[in-house]
Amino acid sequence: MTRLVMILNGPNLGRLGARQPEIYGELNLSALEAACRRWAEELGLEVDPRQTDDEAELIGWLHQAADQGTAVVLNPAAFTHYSYAVHDAAAEVDPLIEVHISNPAGRDSFRRHSVISAVARGTIAGFGFDSYRLALDAISRLMP
Ligand code: DQA
């Protein structure tokens with residue numbers, strides 16, 4: 001049986017490597033996805049990493065995960081802070097873990113609130129790309 005996890009990355013995360021490297025690091029999205037594949041293999045998981053700048057597309061992927069019973073590691077990026085639509089779609093998915101590369105709690109005041117956390121099993125933030133490793137480890141324990 002495959003233990004599938006969708007890794008969903010929201011807006012501007014396709015810019016990793018170029019975007020504010022002092023905050024998000026020097027490595028790009030492909031490097032993050034490759035690292036996630038390696039970590040997943042160690043945990044006996046299969047991953048399906050995706051990135052979009054489009055709220056509707058992200059919501060569609062969450063609906064797909066809900067319908068298929070697929071676990072999700074979600075970095076909602078800026079949607080974290082204001083998208084009730086992503087909140088509502090994420091509420092249908094279980095297990096779902098929220099991740100952030102940076103620690104939003106230590107940054108701009110608008111980043112201190114997540115509208116996603118209430119519907120996630122938990123949130124991992126502030127550990128760079130390792131946030132995804134920790135999230136995959138945590139989600140593998142929540143899956144059959
Ligand atoms: C982020 C934090 C968000 O506040 C920001 O809008 C992002 C990335 C992170 O991974 O640290 O785009 O989700």
Side-chain angles (χ1 to χ4, degrees), residues 3-43 45-143:
R3 300 202 307 149
L4 178 64
V5 180
M6 274 190 198
I7 301 180
L8 303 183
N9 285 303
N12 301 305
L13 291 169
R15 302 282 305 153
L16 286 174
R19 173 193 184 201
Q20 295 182 284
E22 67 288 1
I23 295 174
Y24 299 111
E26 310 260 324
L27 298 175
N28 64 19
L29 182 65
S30 303
L32 172 62
E33 292 179 351
C36 286
R37 285 204 170 84
R38 280 198 310 277
W39 293 324
E41 205 180 312
E42 287 167 17
L43 293 162
L45 301 173
E46 191 185 319
V47 286
D48 178 4
R50 306 179 188 189
Q51 188 275 329
T52 184
D53 293 336
D54 185 303
E55 190 175 20
E57 186 167 39
L58 180 58
I59 289 166
W61 291 343
L62 289 165
H63 292 165
Q64 201 183 324
D67 289 344
Q68 294 170 353
T70 304
V72 170
V73 169
L74 173 64
N75 185 341
F79 293 146
T80 305
H81 312 299
Y82 67 89
S83 177
Y84 298 128
V86 173
H87 163 108
D88 287 350
E92 278 197 74
V93 179
D94 187 65
L96 178 144
I97 294 183
E98 177 185 354
V99 294
H100 299 283
I101 296 167
S102 69
N103 178 11
R107 299 178 58 198
D108 322 77
S109 59
F110 76 85
R111 295 184 204 278
R112 291 192 195 135
H113 183 63
S114 166
V115 300
I116 308 299
S117 298
V119 292
R121 290 282 197 111
T123 301
I124 298 169
F127 300 99
F129 284 7
D130 254 2
S131 292
Y132 291 76
R133 184 175 62 75
L134 296 166
L136 286 168
D137 188 33
I139 213 160
S140 76
R141 295 162 200 268
L142 299 172
M143 292 167 67

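Order of listing sets the numbers, starting from 1, for every ligand and every atom in it.
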Please name the pair of heavy atoms, one in A31 and one in F129, separated by the smallest distance, quoted to 0.1 Å. C-CE2, 4.4 Å
Counting only heavy atoms, which portion of Q20 has something under 4.0 Å from ligand 1: side chain, backbone, both, or neither? neither
Looking only at protein heavy atoms, which one is nearest to atom 12 (O) of ligand 1, and how far off is it? R19 NH2, 3.0 Å
Mark the output for N12 as yes if a heavy-atom distance to ligand 1 is under 4.0 Å, and as no if none is. no
Measure from the side-chain N and O atoms of D54 to the backbone N and O of A56, and report whether any donor-acceptor pair falls under 3.5 Å. yes
Do E33 and I7 have side-chain heavy atoms sitting under 4.5 Å apart? no
Is it the case that over 12 heavy atoms from other parts of the model lie below 6.0 angstrom from the CD atom of E41? no
Least distance between heavy atoms, G126 atom then S131 atom: N-OG, 3.7 Å
S102 and R107: which non-hydrogen atoms are nearest, and at how many Å? OG-NH1, 2.9 Å
What atoms in ligand 1 come closer than 4.0 Å to a heavy atom of A78? 6 (O), 12 (O)
Can you find an N or O of P104 that's nearer than 3.5 Å to an N or O of ligand 1? no
L96 vs L62 side-chain heavy atoms within contact, under 4.5 Å: yes
What is the closest protein heavy atom to atom 11 (O) of ligand 1, and at what distance does it sit? S102 OG, 2.6 Å
Hey, does R107 come in under 3.5 Å of ligand 1, counting only N/O atoms on both sides? no
If you count heavy atoms of other groups shown closer than 6.0 angstrom to CZ of F110, is the number above 12? yes
Among all the protein's non-hydrogen atoms, which is closest to atom 5 (C) of ligand 1, and how far away is it? R111 NH1, 3.2 Å
Does the residue R112 have a heavy-atom contact with ligand 1, meaning some pair of atoms that are separated by less than 4.0 Å? no
Could you tell me the residue and atom name of the protein heavy atom closest to atom 9 (C) of ligand 1, and the distance to it rounded to 0.1 Å? I101 N, 3.4 Å
At under 4.0 Å between heavy atoms, what of I23 touches ligand 1? The answer is neither
Close side-chain approach of Y132 and N75, heavy atoms under 4.5 Å: yes
Can you tell me which residue and heavy atom of the protein come closest to atom 4 (O) of ligand 1, and the distance to 0.1 Å? H81 NE2, 2.7 Å
T80 versus ligand 1: do any nitrogen or oxygen atoms come within less than 3.5 Å of each other? no
Flag V99 as yes when one of its N or O atoms lies below 3.5 Å from any N or O atom of ligand 1, and as no otherwise. no
Heavy-atom pairs closer than 4.0 Å: do any link ligand 1 to the side chain of H100, the backbone, both, or neither? both
Take D53 and Q51 through the test side-chain hydrogen bond (donor to acceptor under 3.5 Å, both in side chains) and record every step on the way to the result. CA-CA 7 Å; D53 293 336; Q51 188 275 329; 2.9 Å; yes
protein heavy-atom neighbour closest to atom 8 (C) of ligand 1 works out as Y24 OH, 3.5 Å
